[in-house]
Amino acid sequence: MCGIVAYIGDGEVGSILFDTLKRLEYRGYDSAGVAIKSGDEIVVVKAAGKIGNLEKVYREMGSPGESMGIGHTRWATHGSPTDINAHPHISGEIAIVHNGIIENYLELRESLTEKGFEFQSETDSEVLAHLINYFYQGDLIMAVTRALDEVEGSYAIAVLAASSPYIICARKDSPLVIGLGKLANYLASDVPALLPYTRDIVRLKDGEIAKLSKETVEIKNRFGELHPADVERIDWNIDAAEKGGYSHFMLKEIHEQPRALRETMAGRISEFGGDVRLDLGIDDEEIRNLERVSIIACGTSYHAGLFAKYLLPIVSGLPVEVELASEFQHLQLRPRTLVVGITQSGETADTLLALKKAKMCNVRLLAITNVVGSTVTNLVDSTIFTRCGPEIGVAATKTFTSQLVTLILLAICLGRARGFLTPEQGRKILIELSRLPALVQKVLDRRDSIKEIAELYADSSCYFFIGREFLYPIALEGALKMKEIAYIHSEGYAGGELKHGPLALITDFTPVVAIATFGRKIQSNIKEVRARGAEVIALASENDADIDKIANVVIRLPDTRPELSAVLCTVVVQLFSYYVAHKLGQPIDKPRNLAKCVTVE
Ligand code: F6R
């Protein structure tokens with residue numbers, strides 16, 4: 001998740017751009033840059049590292065520029081965090097900043113190279129600069145419109161041309177807001193960046209393109225028709241605005257999941273071929289010769305690993321062993337093992353150490369992480385990025401569901417390469433997977449009833465979460481979330497294990513969250529606990545007609561494949577724990593004794 005900004009007016013352009021960029025740093029950053037108009041030229045300053053360092057370089061150059069500029073803070077998804085890959089990208093007299101993913105950038109790059117354009121960076125964004133330059137003949141809005149017609153994917157962009165008096169911006173599936181000032185106009189990925197300057201904002205809609213001068217803002221819809229700006233007056237404070245109006249980053253990140261999952265899948269799925277494109281750096285013969293997968297992870301990422309333990313054998317034909325990184329014994333590794341380290345931060349000391357031990361066994365190492373340039377990426381042979389933007393709440397939410405989706409993509413990719421999964425079988429999973437972000441949104445739309453139920457049980461002193469197969473790791477994850485943020489003792493159990501001990505703890509009114517969107521056996525487990533006085537909150541599929549007869553409360557979820565319903569159930573347990581913690585007044589984003597990134601063994 002990157003951030004973009006722009007300014008046009010009589011103020012000090014550089015200072016305004018750097019200030020607004022710093023206000024977007026919470027979206028994550030590894031490099032930054034600005035392009036500022038100076039006479040008939042555009043001055044570009046960009047570098048890896050903090051925005052403060054970049055500003056120093058700009059000041060040392062004598063703060064060149066006047067009247068307009070664009071800026072970018074990057075959180076890498078394509079290409080490493082380097083000076084060259086930092087935005088703005090330049091082509092001739094055009095400068096652009098981009099947030100999003102251009103899915104067809106490889107094809108566009110090839111055709112632009114044939115036309116004589118030279119690429120400097122490894123980013124997908126640079127194709128946009130060259131495309132706009134290719135179409136530019138003095139009318140910048142026309143050139144941007146024609147370039148965007150060629151592009152597949154998501155974007156929020158701001159564009160400058162040395163010979164144009166306007167800034168052009170556009171968006172599709174990436175946020176962008178225009179701030180209306182007095183003889184000045186502003187642009188940013190998010191409202192908080194603009195609040196010191198104006199509280200009158202226009203949220204650009206998908207497919208819209210706008211032309212900014214210091215006096216006016218003209219907005220055209222996707223059909224090229226001009227329409228009046230829909231101005232919104234913001235009355236939140238900056239702290240609330242950074243959280244997008246949500247009371248905590250955790251809640252904001254839970255709600256970001258539909259978009260995060262789309263980004264995880266973007267450009268990787270070939271529905272027609274029933275296949276998945278992942279740059280694993282392993283040739284098909286080596287994949288065919290694999291005999292097993294060994295997963296290493298901690299905490300929530302370990303739960304994602306357990307999910308893979310159920311998934312990979314049936315989709316790829318490969319057996320999976322999952323190890324807690326802190327308990328990893330490297331002597332167990334045999335040849336023809338693919339070792340997968342799952343770590344959202346890419347910095348967890350236990351996981352890094354275990355992967356180092358695994359490396360000594362001469363096996364192929366793959367990482368699944370959310371952070372480009374993190375330590376794990378330098379340790380392994382190849383990396384799959386989950387691409388869900390920085391996560392600020394200490395409790396992992398969107399990074400976990402993105403890991404689950406990444407593992408589904410990996411399973412299909414391996415299954416197809418090994419000839420275990422037919423194109424038709426792959427296609428079936430992928431068609432349903434493409435619907436997943438919309439299904440997650442449906443679950444989020446039921447937040448009010450989940451809140452009501454959570455608040456009803458918020459004074460309980462102990463919770464049980466139960467599930468079977470794909471849903472067992474989700475039971476563990478629900479219990480972990482409840483412990484972490486609500487500070488309530490919780491147990492996650494495989495439904496069938498209750499009778500082997502934990503049933504002794506079930507007494508009158510113990511809340512048991514039964515994750516029961518598929519399978520009949522979980523219903524017996526629900527009956528077992530009900531018989532001992534428990535209150536059962538069941539997560540069930542929309543068409544389960546029997547569940548009302550055995551559970552006290554039912555939360556209905558859209559019907560889908562079992563492995564995908566694990567993602568939907570995750571969203572419910574996240575919301576459930578969140579609302580319990582909120583009711584109890586706990587410091588949800590920063591729970592006691594916990595850190596976002598655990599860099600000690
Ligand atoms: C729980 C949580 C932790 C992490 C664990 C591993 O909400 O966030 O349990 O999952 O510390 O972190 P990563 O995935 O960064 O290796």
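For ligands, and for the atoms within them, numbers begin at 1 and follow the listed sequence. Computed from a predicted structure; not experimentally measured.
The protein atom (non-hydrogen) at minimum distance from atom 14 (O) of ligand 1 is S301 OG, 2.6 Å. Ranking protein heavy atoms by distance to atom 11 (O) of ligand 1, first place goes to V598 CG2, 4.0 Å. For atom 5 (C) of ligand 1, the closest heavy atom belonging to the protein is C298 O, 3.8 Å. Annotation: atom 10 (O) of ligand 1 to nearest protein heavy atom, T300 N, 3.0 Å. Looking at atom 16 (O) of ligand 1, its nearest protein heavy atom turns out to be T348 OG1, 2.5 Å. Looking from atom 15 (O) of ligand 1 to the surrounding protein, the closest heavy atom is S345 OG, 2.6 Å.
For the residue pair Y302 / S326, no side-chain donor-acceptor distance below 3.5 Å is found, with atom types taken as modelled. Counted by atom type alone, Q574 and Q257 present one or more donor-acceptor pairs between their side chains at under 3.5 Å. If you check the side chains of T399 and N370, you find no donor sitting under 3.5 Å from an acceptor.
Listed by number with element, the atoms of ligand 1 under 4.0 Å from a non-hydrogen atom of G299 are 9 (O), 10 (O). Listed by number with element, the atoms of ligand 1 under 4.0 angstrom from any heavy atom of A395 are 7 (O). Close approach to K481 involves these atoms of ligand 1, each under 4.0 Å from a residue heavy atom: 1 (C), 7 (O). Of all atoms in ligand 1, numbered sequentially from 1 with element shown, those under 4.0 Å from a heavy atom of E484 are 1 (C), 2 (C), 7 (O).
Ion pairing between a basic and an acidic side chain is recognised when a charged N comes within 4.0 Å of a carboxylate O; K398 and E256 show such pairing. Salt-bridge annotation for R387 and E263: absent, with no side-chain N of the basic residue lying under 4.0 Å from a carboxylate O of the acidic one. Salt-bridge formation is detected for the pair R446/E542: a Lys NZ or Arg NE/NH1/NH2 atom is positioned less than 4.0 Å from an Asp or Glu carboxylate oxygen.
Residue E347 places no heavy atom under 4.0 Å from ligand 1.
Residue A396 places at least one N or O, backbone or side chain, under 3.5 Å from an N or O of ligand 1.
With a heavy-atom cut-off of 4.0 Å, V394 touches ligand 1 through its backbone alone.
Proximity of L251 to T397: side-chain heavy atoms (C-beta onward) are nowhere separated by under 4.5 Å.
Contacts of R292 classified as side chain to side chain contact (heavy atoms under 4.5 Å, CB included), with partners at least two apart in sequence or in another chain: P319, E321, R334, T337.
Sequence neighbours left out, the pairs with a member in residues 464-488 that pass ring-ring contact (aromatic ring centres under 6.0 Å, His included) are F307-F470.
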